[in-house]
Q: 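Before I ask anything, let me first share the structure, which is written out below as structure tokens.
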Amino acid sequence: MKPELKSATKRIKVFLRFPPGRAGRPVTYHLVKDFDLKINILRAEVSVNKGELVLDIEGRSEDIEGAARFCGEEGVEFHTIDNAVEWNRDRCVHCGACTAVCPSGALSLDRRDWSLVFSAADCYACNVCLKACPVRALSPGFDGDPIAATD
Amino acid sequence: MSVKTFEEINEKIRSKKAVVVTAEEIIGIVEEKGAAEAAKQVDVVTTATFGPMCSSGAFLNFGHADPPIRMNYIRLNDVPASGGLAAVDTYIGATEASETRGMEYGGAHVIEDLIAGKKVHLRATSYGTDCYPRTEIDTFITKDSINEAYLYNPRNAYQNYAAATNGSDRTIYTYMGVLLPRFRNVTYSTAGELSPLLNDPYLRTIGIGTRIFLGGAQGYVTWNGTQHNPSRLRSENGVPMQNAATLAVAGDLKQMSTRYIRAATFEKYGVSMFVGIGIPIPILDEEMLRYVSVRNRDIYTFIYDYSIPSRSRPPLTKVSYEELQSGTVRLNDRDVPTAPLSSLRVAREIAGVLKEWIAAGQFLLTQPVAPLPSTASPKGLDVVGGDER
Ligand code: SF4
Ligand code: SF4
């Protein structure tokens, strides 16, 4: 690996799954403090049986790798998310119904040809679009249980 | 003023000399050449729409089993279909929900699966008669294994439609999509200047027998649609500003494509079906040319608050399709984002396909055998006792 790439900062989305009983551990605290990551919590679901977090993190590559190792040692699954939402282009009819609810603007219509555009980088992983799509062309892009859309 | 007849236009189509453009393209042509010249040069303008149309469904005839059955309880992939027709005829309504999967799968999905050539599970029972002794059947059908399969949609292609918003403080789930609380979005469902009936506001050229593009095949206008109401408020250009005329249409399901017929589920509302319709409009004279060159900025609709649970909810404001398509509308002194529910991209594709069919001489125009009603006044349904009226 080229050394200059190692210190480049990147911004990615990750999905953390805590095993039963571990949800209370201050993992995000360590991610910020020990690995100097900028963290934005996109989604959090914690219950007796499980804990799930979707985070937007920004930091140096080696710190992100370190954070992933740290999570592993803590017994917390650490998955990077390329696409919070999987968009099935063959199924999509470009109606635009999903754009009515997308809070981030990640889903939008290109007003020249009225095609749907999905910008994964802008997505908050909020999942409200999944059920707004009448032809079910949108599905969760990773295997966290989707949190039901609420008001 | 140039005057062409259907027959003259068809002559040109047969000899592949007809000039055909879409209802969007005609706008630029009129700007450039003027209405009189454009009316002379252009023979046909194609219009289209691809949106959710709940009042849709299909008639099917299964053929007779041996021994035969007079089906009265019919399920297709667990979706109830009508047992109220002859022995092996049925009607499957698009919005009917599955008994096992609820609104995630319904009549529209059965129709889409049939079009796709998939096997569909047929279960039926009967009380058995002397001439139809069989009392149950459990088998699989495809569109090729059965006799007729034709779409018959009692109300499609609404001429204009109200736009929707939500003034309550909770999200509501409607056939106009998910409406966010406190007026945070507006949805609409019309192709605007490309939409069929907005381009022939008085239905001069569209009537019973009009050949159309339906779901990827050639279909026909068979009747006025239910709730057909041409007596609605119109703007100066004659274009209705409210839900007005509607069409009943039919066509051969076996020749359709899932690209233009697509099952839909509106969350917490139910099943619906995207239906692709294209209608060619003959430019008989300058008046027709003026109608088809209508622009989004001259087509209006009203925005309603769908959280008000009354059939007489008051309109909030009047907007043009230019405003709706721009992405935001002004509502209560705020810019509110808009989103369509009908696909303009697919509608454009349909208008283009129909244009090619006509230009290639494969699709002739039909003069209506009878006009659709030019006045109407749909009734509400009042709750009355059995001895009243
Ligand atoms: S998950 Fe949320 S932010 Fe991402 S595309 Fe869907 S609605 Fe938009
Ligand atoms: S709602 Fe579904 S079909 Fe419509 S544009 Fe969005 S992803 Fe495509």
Q: Could you measure the distance from the CG atom of A:L130 to the CD atom of B:E267? Nearest 0.5 Å is fine.
A: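 Here the interatomic distance stands at 10.0 Å.
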Q: Quick one: pull up CG in B:L344 and CZ in A:R111 and give me the separation to the nearest 0.5 Å.
A: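 Atom-to-atom, B:L344:CG and A:R111:CZ are 10.0 Å apart.
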Q: With chain A as the partner, which of B:A347, B:A263, B:G51, B:S272 has the greatest number of non-hydrogen pairs under 4.5 Å?
A: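 Ranked by heavy-atom pairs under 4.5 Å with chain A, first place is B:A263.
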Q: Taking all heavy atoms of A:R112 and all of B:R348, pick out the closest pair and write down the distance.
A: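 Result for this residue pair: O-NH1, 2.9 Å.
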Q: Within residues 187-197 of chain B, which residues come under 4.5 Å of chain A, heavy atom to heavy atom?
A: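 The stretch touches chain A at B:T187, B:Y188.
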Q: Out of B:E104, B:H109, B:M176, return the one with the most heavy atom pairs under 4.5 angstrom to chain A.
A: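 When all of B:E104, B:H109, B:M176 are compared, B:E104 has the most.
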Q: Do A:K131 and B:V178 touch side chain to side chain, with heavy atoms closer than 4.5 Å?
A: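 A side-chain contact under 4.5 Å is absent here.
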Q: Side chain, backbone, both or neither: which part of B:F50 has a non-hydrogen atom closer than 4.5 Å to chain A?
A: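 For B:F50, the side chain is the part near chain A, not the backbone.
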Q: At a 4.5 Å cut-off on heavy atoms, which part of B:P337 comes close to chain A: side chain, backbone, both, or neither?
A: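 For B:P337, there is no contact with chain A at all, as no heavy atom is under 4.5 Å.
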Q: Need one label for A:L116: side chain, backbone, both or neither, based on atoms under 4.5 Å from any heavy atom in chain B.
A: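 A:L116 has no heavy atom closer than 4.5 Å to chain B.
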Q: Is chain A contacted by the side chain of B:Q325, its backbone, both, or neither, given a heavy-atom distance below 4.5 Å?
A: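 When you check distances to chain A, atoms from both the backbone and side chain of B:Q325 fall under 4.5 Å.
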Q: So with a 6.0 Å cut-off around CG of A:N83, is the heavy-atom count from everything else above 12?
A: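 Atom CG in A:N83 is crowded, with more than 12 foreign heavy atoms closer than 6.0 Å.
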Q: Please classify the contact between A:R136 and chain B as side chain, backbone, both or neither, with a heavy-atom cut-off of under 4.5 Å.
A: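 For A:R136, the side chain is the part near chain B, not the backbone.
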Q: B:R262 side chain to A:C92 main-chain N or O, any donor-acceptor pair under 3.5 Å?
A: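 Side chain of B:R262 to backbone of A:C92: no pair is present.
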Q: Measure distances from A:C133 to the heavy atoms of chain B and classify the residue's part below 4.5 Å as side chain, backbone, both or neither.
A: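 Just its backbone gets close to chain B.
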Q: Is it the side chain or the backbone of A:D90 that comes within 4.5 Å of chain B heavy atoms, both, or neither?
A: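 Contact with chain B involves the backbone of A:D90 alone.
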Q: Quick one: closest heavy-atom pair of B:L341 and A:C95, and the distance?
A: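 That closest heavy-atom pairing would be O-CB, 3.3 Å.
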Q: For B:A339, does its backbone N or O pair with a side-chain atom of A:T99 as donor and acceptor, under 3.5 Å?
A: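 No, because the side chain of A:T99 does not come within donor-acceptor range (under 3.5 Å) of the backbone of B:A339.
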